[in-house]
Amino acid sequence: MSRKYYITTPIYYVNDKPHIGHAYTTVAADVLARWHRHRGDEVFFLTGTDEHGAKVAESAVEAGQEPQEFVNEVAKLFRIAWKNLNIKYDNFIRTTSPEHHRAVGVFINKLKASNSIYEDKYEGLYCVGCEKFITEKELVEGKCPVHNKKPKKIKEKNYFFKLTDYIEQVKELIVSGKMKILPEERKKEVLGLFEQGMEDFSVSREKVKWGIPLPFDKKQNIYVWVEALQNYISGIGYGEPSEKFSKWWPADCHIMAKDILKFHAIYWPALLLAVGEPLPKEQFIHGFFTIDGKKMSKSLGNVINPNDLVNQYGSDATRYLLLSQFPFGQDGDVKKSLFDEKYNSDLANGLGNLVSRTANLMEKNDVGIDTAQQPISNDKVDIINKQIEHYRFDEALKGIYGIISQANKYLDEQAPWKHTPDDKEKTTIVLQNVSDWIKTIAELIYPFMPITSRRISQQFAGPSVKKEDGLFPRLSDK
RNA sequence: CGCGGGGUGGAGCAAUUGGAAGCUCGCAAGGCUCAUAACCUUGAGGUUGCCGGUUCGAGUCCGGCCCCCGCAACCA
């Protein structure tokens, strides 16, 4: 049965070039999207970029560009990175696009109409040099660290959202599991946040210039976070006359990293409740990387560019390496040396070599494919599919590797290379068994490694099989 | 006592409701030779952060302590 499946990544803030963290989230979402498509579901996969806010405006100034010009360039970098990683999204939503502006306008007006917005004063420390509010924590000896000046305590008019009106309802939906927060630890974390208490938050800014104007008070811009969350609906046609929005909403899954948990698990549902839209069904929060045991940061210079990985390993292998390292949902450490190791052991020695030796044996012994054979379905395949469905990508990949091992072992036991011409029938059975497994493996790896999957499927489509170039050339040891 | 996560053989991770500490890589020895110096078998290596408790039995429950990471109201 075909079902609709709407999955999203967060929209990435264009203040930063794409890095391995963005790639991780996006690849995971792409795997789920491909998995659902592959089993016949109707899928919409949304990603995009978050392009407003003071930081972006500052960066544009530094780059000597107009904000729009600046964000156009960075957004393009994301598109290129996703193309390199073979990400197949259905829409790339940008918050500076007309459709986003329109959707946000409609949404904010609805919020206003629902009496969830009120006017109040926002008080904070404001640095004139930075042209923005800064927090107590950022201060160094009571001064702005950038401009070495004391910030002024000022008040500005802001519009606030009555979060507190919806907090109990959101909490209940999370506790009852009507809106799933996964993994379980994150759910606990969110429930912990409720215990700490929540206050209404401001949805507009007077000082921040680069943004979407508030429809009912053009002197204010909508606070970037409030506006950014709406990408999930603007990306599927919210506020447009078409049927598109009602077809896809609510989202089946929001994927994100743990830093933005609160916005997604609490603020976003509350905003949706206020305007009477249904809530996302599921939100999955994954962990952070450290690189060689250290926090990834620009100042340490250890940020990994996904394009570099693709250049070195290819898109399929990069996707595999990202998701096979550690359980999705936990923090993990990324080691450059481990990438090489895993590439060689799993992909070159494992999958690549199995395909290579099998194809070679089939060609030499003139054994073809039994095209009547249906794809194998057994417990192992079922388990692996379940694991993908439950975001256990590392386990699923391990399971696939298990089938590869099994095939290798079987080949060694049967040793068809020792067969004489009289054993032709036996040889045929053995090699066709292995080729059936290989075809099954090709099916299973499709969401993770679509290109390799296709290559294998084509090579083993029959009637005859020929040896081809290796799928994953071994990296020379250094 | 702010909240949450984590500390398991050299590395990365697993262990349904407490019940013989597993997996992958790496390492060592042996086998095989169809294959990308690959594949197969066997082996070495852990008193599961520390201390105490409950139990016939705890990595798994309880108490205390140490260390690491993220969040802590606008920072995306």
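Hydrogens, waters and symmetry mates play no part in the numbers below; they use all other heavy atoms, side chains included.
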Query raised in the report: Does the ring center of A/H52 lie less than 6.0 Å from the ring center of A/H101?
Result: yes
Query raised in the report: Under 4.0 angstrom, heavy atoms only, what part of the nucleic acid is A/L261 near: base, sugar-phosphate, or nothing?
Result: nothing
Requested in this report: Quickly work out the A/W268 CH2 to B/rA76 P distance and round it to whole Å.
Outcome: 19 Å
Report summary line: Closest of B/rU36, B/rA76, B/rU41 to the A/K409 side chain is B/rU41
**Report entry** Integer angstrom distance from the P of B/rG7 to that of B/rC61
**Finding:** 12 Å
Query raised in the report: Whole Å only: how far is the CG atom of A/D423 from the P atom of B/rC34?
Result: 15 Å
Query raised in the report: Please give, in whole Å, the distance from B/rU41 P to A/L411 CG?
Result: 13 Å
Query raised in the report: Can you check the A/N408 CG to B/rG31 C1' distance for me, whole Å?
Result: 15 Å
Query raised in the report: Looking at the side chain of A/D346, which of B/rC34, B/rU24, B/rG5 is the nearest nucleotide?
Result: B/rU24
Query raised in the report: Roughly how far apart, to the nearest Å, are B/rC66 and B/rA44 at atom C1'?
Result: 32 Å
Requested in this report: Assign A/N349 to base, sugar-phosphate, or nothing according to its heavy-atom contacts below 4.0 angstrom with the strands shown.
Outcome: sugar-phosphate
Query raised in the report: Considering heavy-atom distances to RNA chain B, does A/K467 or A/I404 have its closest nucleotide positioned more toward the 5' end?
Result: A/K467
Query raised in the report: Think A/Y267 has a side-chain N or O under 4.0 angstrom from the OP1 or OP2 of B/rC74?
Result: no
Report task. Look at all strands and tell whether A/E199 reaches a base, only sugar-phosphate, or nothing, counting heavy atoms closer than 4.0 Å. Result -> base
Query raised in the report: How would you label the contact of A/Y401 with the nucleic acid (heavy atoms, under 4.0 Å): base, sugar-phosphate, or nothing?
Result: sugar-phosphate
**Report entry** Atom C1', compared across B/rG6 and B/rU48: separation rounded to whole Å
**Finding:** 14 Å
Query raised in the report: Partner of B/rG70 by Watson-Crick or G-U wobble geometry, both contacts under 3.5 Å, or none?
Result: B/rC3
Report summary line: Which of B/rU36, B/rU24, B/rA76 is nearest the side chain of A/V224? It is B/rA76
Requested in this report: May I ask which nucleotide in the shown strands pairs with B/rG26, Watson-Crick or G-U wobble, both distances under 3.5 Å?
Outcome: none
Report task. Could you tell me the separation between the CG atom of A/D120 and the P atom of B/rA73, rounded to a whole number of Å? Result -> 19 Å
Report summary line: Considering only heavy side-chain atoms of A/K262, the closest of B/rG31, B/rA73, B/rG4 is B/rA73
Requested in this report: Searching all strands shown, indicate the nucleotide that pairs with B/rC65 (Watson-Crick or G-U wobble; both distances under 3.5 Å).
Outcome: B/rG49
Query - Separation of the P atoms in B/rC67 and B/rA29, to the nearest angstrom - result: 43 Å
Query - Atom-to-atom span, CG of A/L397 to C1' of B/rC23 - whole angstrom - result: 14 Å
Query raised in the report: Rounded to whole angstroms, how far apart are CG on A/N433 and C1' on B/rC34?
Result: 17 Å
Query raised in the report: Which atom pair, heavy atoms only, marks the closest approach of A/G235 to A/I93?
Result: CA-CD1, 3.8 Å
Query raised in the report: Should the pair A/H254 and A/W268 be assigned to parallel (<30°), tilted (30 to 60°) or perpendicular (>60°) ring geometry?
Result: tilted
Query raised in the report: Among B/rU24, B/rC74, B/rC40, which nucleotide sits nearest the side chain of A/Y223?
Result: B/rC74
Query raised in the report: Which residue lies toward the 5' end of RNA chain B, A/G350 or A/D469, if each is placed at its nearest nucleotide?
Result: A/D469
Query - Trace of the side chain to side chain donor-acceptor pair (under 3.5 Å) decision for A/R94 with A/N231 - result: CA-CA 8 Å; A/R94 299 182 54 187; A/N231 89 85; over 6 Å; no
Please tabulate, one pair per line, each protein N/O and nucleotide N/O from nucleotides 10-17 of chain B that are separated by under 3.5 Å, including the distance.
{"from": "B/rG12", "atom 1": "O2'", "to": "A/Q325", "atom 2": "O", "distance (Å)": "3.2"}
{"from": "B/rA14", "atom 1": "OP1", "to": "A/Q330", "atom 2": "OE1", "distance (Å)": "3.0"}
{"from": "B/rA14", "atom 1": "OP1", "to": "A/Q330", "atom 2": "NE2", "distance (Å)": "2.3"}

Report task. Please find out if less than 6.0 Å separates the ring center of A/Y166 from that of A/F161. Result -> yes
**Report entry** Whole angstrom value for the distance that separates P of B/rC39 from CG of A/L361
**Finding:** 15 Å
Query raised in the report: Who does B/rU16 pair with, Watson-Crick or G-U, both distances under 3.5 Å?
Result: none
Query - Candidates B/rA73, B/rU33, B/rC25 - which lies nearest the side chain of A/W417 - result: B/rU33
Query raised in the report: C1' atom, B/rA14 versus B/rU54: distance in rounded Å?
Result: 27 Å
Query raised in the report: Of the candidate nucleotides B/rG4, B/rC34, B/rC39, which contains the atom at the shortest distance from the side chain of A/N353?
Result: B/rC39
Query raised in the report: So what does A/S356 touch, heavy atoms closer than 4.0 Å: a base, only the sugar-phosphate, or nothing?
Result: base
**Report entry** Short side-chain N/O contact to B/rG5 OP1/OP2 from A/K188, under 4.0 Å
**Finding:** yes
**Report entry** Ring centroid separation A/W437 to A/Y410 under 6.0 Å
**Finding:** yes
Requested in this report: Assess the side chains of A/T427 and A/H419: does a donor N or O sit below 3.5 Å from an acceptor N or O?
Outcome: yes
Query raised in the report: Out of B/rC75, B/rA76, B/rG4, which nucleotide sits closest to the side chain of A/F263?
Result: B/rC75
Query raised in the report: From B/rC74, B/rU24, B/rU36, pick the nucleotide closest to the side chain of A/A348?
Result: B/rU36
Query raised in the report: Expressed in whole Å, how much space separates the P atoms belonging to B/rU8 and B/rC69?
Result: 15 Å
Query raised in the report: Within a reach of under 6.0 Å around NZ of A/K180, are more than 12 heavy atoms found that belong to other residues, nucleotides or ligands?
Result: no
Query raised in the report: Under 6.0 Å between ring centres, would you say that holds for A/H19 and A/Y12?
Result: no
Report task. With A/R319 as the cation and A/F448 as the aromatic partner, state whether NZ or CZ is under 6.0 Å from the six-membered ring centre and within 45° of the axis. Result -> no
Report summary line: Sorted by chain and residue number, the ring pair (Phe, Tyr, Trp, His ring centres under 6.0 Å) partners of A/Y118 (sequence neighbours excluded) come out as A/F160
Report task. Determine the interatomic distance between C1' on B/rU33 and the same-named atom on B/rG57; round to the nearest Å. Result -> 50 Å
Query raised in the report: Which nucleotide, in any strand shown, forms a Watson-Crick or G-U wobble pair with B/rG9, with both distances under 3.5 Å?
Result: none
Query raised in the report: How far, in whole Å, is B/rG46 from B/rA11 if one measures between their C1' atoms?
Result: 14 Å
